[in-house]
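What follows is a single structure, written as structure tokens, with notes after it.
The shown structure was predicted, so the numbers you read here are calculated from the model rather than taken from an experiment. Convention: sequence-line order gives letters A, B, ...; per-chain numbering from 1.
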Amino acid sequence: MSVPALVVEELYKEFKVKKKGGLFRRPAADEEKVFIAVNAVSFQVAPGEVFGLLGPNGAGKTTTIKMISTLLRPTRGRVLVHGIDPEKEPTRVLSQIGTVLAGERCVYWKLTGRENLEYFGTLYGLYGQELKERVSYLLERFQLAKRGDELVERYSTGMRQRVSLARALLANPKLLILDEPTAGLDPQSARNLREIILELKEEGHTVLLTTHYMEEADFLSDRVAIIDHGKIIALDTPENLKRGIRQTRVVHLEVQEWQDGVGNNLRAAGLISNYVPAYDGAARAWRVVLHLGGETTVGAVLAAYLEMGNGILNFSVEEPSLEDVFIQLTGKSLRE
Amino acid sequence: MHQSVALRPSLLRSILRVAWRDIKILVRYPTWVISLCVWPVMFPLGYLFTYRALAGPQNEGLSSFVQLAGTSNYLAYVVSGTILWMWVNVMLWTFGGSLRNEQLRGTLESNWLAPVDKTFLLIGAALADAAQMMLFMCIAWVEFYLIYGVWWLGSPWHLGLVILASVPSVYGLGFVFAALVLWAKQIGVAVNLVRGTMLIFCGITYPIAVMPGWMVRVAEVIPLTHAIRATRAVMAGDGLGEIAADLWYLLLSGALLIAAGLLALRFIQQRIRCSGTLGHH
Amino acid sequence: MMSRAKHYLRAAGAIFRRDLRIFFRYPVDAIFWVFEPIMWLTPLHFMSRSFAVGGQNLGLAGYTGTSDYMAFLVLGGVIGSYVSSVMWSMGFSLKNEMDLGVLEVNWLTPVPVVIQLVGRSLFNLTHTTIKIACTMSLVWRIFGFSITGSIWPAFLTVLPMIIGLYGLGLGIAALVLISKNANNIIDMTHFMVNTLSGREFPITVLPKFLLGFSLAIPLTYGYDAIRGLLLGTRTLLPVATEQLLLVVVMAISVFSGYLVFRRIERRCRATGNLAHH
């Protein structure tokens, strides 16, 4: 039995939240609240696995990642990276992981791509010929070689993200930690980046990634932990998670008007278990996801809906996705 | 005509809004309030002790200064110069820099999207800043009296008049400066350049007569020189008649600077609209 | 052990190159930076002129033994520049990195933060030294001054002082990390320390209660000893005593500064104060 690449055990992070006082009033002591950002999170990542943390913004994904990569100290609980405790030997852990933090401001904009990589490479312990070769290889590999000697401030967001990823790979770490790697990228760049992540997996890297895009988690991850309000509410392979709600049929409605009262009536009648409406500004229509309950047929739901005097622009019946798993578990959509 | 009527309420509201926001920020950062009260007293300290050292234990050097400055009270001489300089200095950072900060944060674009004439927004911000700074100057004068024993012989109303007459030129400079900063995208160097020039030329800590002739001529052009001279005259007991020329110069140069500043800002705004670098760092 | 030391040295070198590159990518700043001290010196020069009798500052001579105020001032400026350099590189640059968003990424590398801070101030020291050389020659041309003593004993006096300043710098870095708006506090302490330690004037002109503060600042003895060595001014204590004092203070300051910084760094990791948006 090999040592897991990453062990997270009963991890907690609590922040004290100070309320802002009014103009002439200081907040009283009892107004100090404790905010639990990460609540008893446990999981293990096997070597070579791609593990996804899926959850909406503010669910505690980034906090978890920062605790693993030594930037934050856990309030309670334990982290082991290749059997090493970051609390005890932070530099040893740091030299074995490559972390890409969210946002494009993680590299120096006033340095070129190459200079950035050479700088960080030295900090990761590379030097001389080895450093030069490694940097050239990474620039080449991430299609940055042609513009490697331009200042990062002239790069596109996608290129900056690739520099960040190259930076994380400088020391060729076994464990890669990626925080929202495709956030803010255009669809093409995001697709390229996902392919790179799959290549990295094939090369034997272990990857821990966070995302709030369910397609991404589904596409990339061997296993997914769904996290909400700091807690892991489900953990399994994407297939198993979806299989868990296979008996739930999912109907996507496109309608002109939507009132929550309608959804509540359908639920009260036992026809659906959940509904999540979202307004699509471009199409000037509501897209509503309905989870059908138990024995209900699609026809019965549609008939009931039409009977209430509503119109339907379009509808489709879909395979449950991870998004539906999330809706099933929390009653809300990932993007809320 | 009806247009200016339509804009008046938004001008008033924007002044109040900006002032309220600034005061709120001030109170959120108490260290800033403390420093605004402490700096006027602390800043002249170095100069005061340098004066004392240069005068010598037996006042060996003082006779030369009395001849040039017309007073042996170097204490009053220095604090009156430095307080005005600090006003300009704080104005450059807070008011002149506020546009740059908004540019960096990206809120400049959202402000420029508001259907209000930008000129009114700026004047509102300037008046709000001026009101705040005057409050702090009053505090500073009280502190000068309590700590250094500095008092003026002339009427305090005349002193107030000098300060009021300086407002247009100080904030006119602020407008020009804001345009410069938006264009150059760097505030540190710009502030140092402007305040350094004033520190050297305007006779803040020494009589300008000691400088070579060409420097005196440059000094006479800068409004701050006149503000400082008028302040010192009022403190020495001079009446309105003696400072009238300086006051007129302040008002005139103020009008010119405000016009120049607004023009410069309008120009920059046009340029940015063409090149699209509004939110760029 | 040896390889780790080498790794840290290389890391410090990389930080040095990084800062050097970024410095030259702001060309206006780079040019302006030589002229900035002139802006500080010129008013003081004219002040001394307005008190001069026959071109000599007899008043100053009465306090210190030299009537060459420019030389007195230039030496003060040199030491003052080193003081600011260390304060800047340790304290403010940290905040700058926080604002740029690159602080966390640097902390993710397997190089201790203290080493990173030292690396960055190596650059600052070099750049201050070059700046001083430039301005001194400029000032010498414009205003003229003369230095009589020999450089090496003065250099050996400055050295422990600068190392001691690193301890102080670490303390400031710690302050910057815990306080979001430390600028004002730092500005004020910086100014008071610079003023009261006698950068611009002999501290013997100070009133009694301020003189007490002044004598409690170790920097005071640095300024005093160097002027004694290079200008032959009357010193507060014998020069050798002042030098010994500087060495002792250096040891204490570096040790305690390091401890304070380590504690605050740990605290920041607990409260998650690193990212700054």
Can you say whether [X] sits under 4.5 Å from chain C via the side chain, the backbone, both, or neither, judging by heavy atoms?
X      : value
B:I204 : neither
B:V66  : neither
B:L68  : side chain
B:P207 : side chain
B:M198 : neither
B:F201 : neither

Check your understanding: Which atom names give the shortest non-hydrogen contact between C:M39 and B:L199, and what distance separates them?
Key -> O-CD2, 4.2 Å
Study note, to complete from the structure: Note: B:Y74 and C:F51 closest approach over all heavy atoms is CD2-CZ, 4.4 Å
Answer yes or no: is there a side-chain heavy-atom contact under 4.5 Å between [X] and [Y]?
X      : Y      : value
B:M211 : C:S50  : no
B:L54  : C:M47  : yes
C:P207 : B:F49  : yes
C:Y63  : B:R52  : yes
B:L45  : C:M192 : yes

Check your understanding: Is a donor on one side and an acceptor on the other found under 3.5 Å between the side chain of B:T50 and the backbone of C:F201?
Key -> no
Practice item. Would you mind telling me which of C:A52, C:P202, C:G59, C:G198 has the largest number of heavy-atom pairs within less than 4.5 Å of chain B? Key: C:G59
**Study point:** Residue among C:L58, C:T64, C:T195, C:L206 with most heavy-atom pairs under 4.5 Å to chain B
**Key:** C:L206
Review point. How many angstroms lie between atom CD of B:E60 and atom CG of C:L60, to the nearest 0.5 angstrom?
Key: 10.0 Å
Exercise for review: Could you tell me the separation between the CH2 atom of C:W40 and the CG atom of B:N192, rounded to the nearest 0.5 Å?
Suggested key: 14.5 Å
Review point. Relative to chain C, which of B:A69, B:G61, B:G203, B:A53 shows the most heavy atom pairs under 4.5 Å?
Key: B:A53
Review point. In terms of ring plane angle, is the pair B:Y206 and C:F46 parallel, tilted or perpendicular, where the classes change at 30° and 60°?
Key: tilted
Above 12 or not: heavy atoms from other molecules or residues under 6.0 Å from [atom1] of [X]?
X      : atom1 : result
B:E220 : CD    : yes
C:R234 : CZ    : yes
C:F191 : CZ    : yes

Check whether [X] gets within reach of chain B through its side chain, its backbone, both or neither, counting any heavy atom under 4.5 Å.
X     : result
C:A61 : neither
C:L41 : neither
C:Y69 : side chain
C:L44 : side chain

